[in-house]
Amino acid sequence: MLKPVTEIIGGSWNLYVKNWRKLMPFLLLFLLPTFILSFIGASSLYLSAYIPSFTLATNIVIVILFFASLIFPIWVSMAMTKTMHDLLMGSPTDWKQSFRSTLKLIWPTFYTSFFGVVSMVGLAILFIILGI
């Protein structure tokens, strides 16, 4: 028999309330790429007014950080999920250990997501062509 939705939500809330201090590093790390990109974007606008040749280097750095900011939150969410699983099972885990144990899962997750998106776009195009 499946649990009712209210029991699942109540259990999730109780797990969060009991362990919010252990989950706080993950919540702060979700915001880190946004702060870094915002700071670099604002500083590049300021520097481009005074040093026009500096904009190319800044744009390259921003593009690299943008792609890193796409992968980093996936890693943080995997580590947070592992930590919540360990808390639910009663085996306390350090957040650094969660990051170390999920490091090997980043690229398989990224590849799976990429190929999933490519296949959905390809099928959508196929349905449009067949519909016409």
Side-chain angles (χ1 to χ4, degrees):
M1 185 76 184
L2 294 175
K3 291 183 180 181
V5 174
T6 55
E7 186 178 337
I8 293 172
I9 293 174
S12 300
W13 180 253
N14 289 335
L15 180 68
Y16 175 74
V17 167
K18 289 178 188 175
N19 301 299
W20 69 272
R21 286 184 186 96
K22 293 179 183 176
L23 299 174
M24 190 55 65
F26 300 105
L27 300 176
L28 293 174
L29 285 172
F30 273 121
L31 297 174
L32 186 65
T34 304
F35 287 137
I36 291 173
L37 284 173
S38 299
F39 175 74
I40 290 177
S43 63
S44 71
L45 286 175
Y46 178 76
L47 289 175
S48 66
Y50 295 108
I51 308 170
S53 63
F54 192 70
T55 57
L56 178 64
T58 307
N59 289 340
I60 292 171
V61 169
I62 288 174
V63 167
I64 291 170
L65 286 175
F66 173 74
F67 285 116
S69 72
L70 294 177
I71 295 173
F72 185 71
I74 294 171
W75 186 23
V76 173
S77 64
M78 287 189 303
M80 185 175 180
T81 303
K82 179 167 179 9
T83 299
M84 290 190 325
H85 177 266
D86 291 344
L87 290 172
L88 193 60
M89 294 298 144
S91 60
T93 295
D94 185 26
W95 65 276
K96 294 177 186 176
Q97 179 61 30
S98 294
F99 276 103
R100 276 188 232 116
S101 64
T102 57
L103 183 62
K104 63 183 177 284
L105 300 174
I106 292 173
W107 291 113
T109 304
F110 180 73
Y111 291 143
T112 304
S113 300
F114 177 75
F115 288 128
V117 168
V118 167
S119 66
M120 284 190 288
V121 168
L123 288 174
I125 291 171
L126 183 65
F127 285 139
I128 290 171
I129 292 172
L130 290 176
I132 292 175

- Under a 4.5 Å side-chain heavy-atom rule over Ile, Leu, Val, Met, Phe, Trp and Tyr, are M24 and W13 clustered together? yes

- Message: Do I106 and L32 land in one hydrophobic cluster if side-chain heavy atoms of ILVMFWY residues count as linked below 4.5 Å?
- Response: yes

- Residues S98 and A79: closest non-hydrogen pair is CB-O, 3.6 Å

- Item | Hydrophobic cluster identity match, F110 and V118, side-chain contacts under 4.5 Å | yes

- Query: Say you draw a straight line from CZ of R100 to CH2 of W95; how long is it, rounded to the nearest 0.5 Å?
  - Reply: 9.5 Å

- Note on the structure: Of all heavy-atom pairs linking M84 and L15, the shortest is O-CD2, 4.3 Å

- Message: Please find the pair of heavy atoms, one from S101 and one from K104, that lie closest to each other, and give the distance.
- Response: O-NZ, 3.0 Å

- Message: Please report the interatomic distance NZ(K3) to CD1(I9), rounded to the nearest 0.5 Å.
- Response: 12.5 Å

- Drop me the distance from L105's CG to I74's CD1, to the nearest 0.5 angstrom. 12.0 Å

- Rounded distance [0.5 Å steps], OG1 in T83 versus CE in M78: 12.0 Å

- Item | Distance-minimising heavy-atom pair for F66 and L37 | N-CD2, 4.0 Å

- Task: Give the minimum heavy-atom separation between F72 and L29, together with the two atoms involved.
- Result: CE2-O, 3.4 Å

- Task: Name all residues meeting the side-chain contact (heavy atoms from CB on, under 4.5 Å) criterion together with P108; count only those two or more places apart in sequence or in a different chain, and write none if there are none.
- Result: none

- Message: If hydrophobic clusters are built by linking Ile, Leu, Val, Met, Phe, Trp and Tyr wherever their side-chain heavy atoms come under 4.5 Å apart, do I60 and F67 end up in the same one?
- Response: no

- dist S12:OG -> L88:CG (nearest 0.5 Å) comes out at 8.5 Å

- Task: For the residue pair L27 and W20, establish whether any side-chain heavy-atom pair is separated by less than 4.5 Å.
- Result: no

- Message: I'd like to know whether CZ of F30 has more than 12 heavy-atom contacts from other residues, nucleotides or ligands below 6.0 angstrom.
- Response: yes

- Which value, rounded to the nearest 0.5 Å, describes the distance between I36 atom CD1 and L65 atom CG? 7.0 Å

- Item | Partner residues of W75 under the side-chain hydrogen bond (donor to acceptor under 3.5 Å, both in side chains) criterion, sequence neighbours left out | T102

- Item | Minimal non-hydrogen separation, M80 against L23, with atom names | CG-CD2, 4.4 Å

- Query: Does one hydrophobic cluster hold both L31 and I40, with members joined at side-chain heavy-atom distances below 4.5 Å?
  - Reply: no

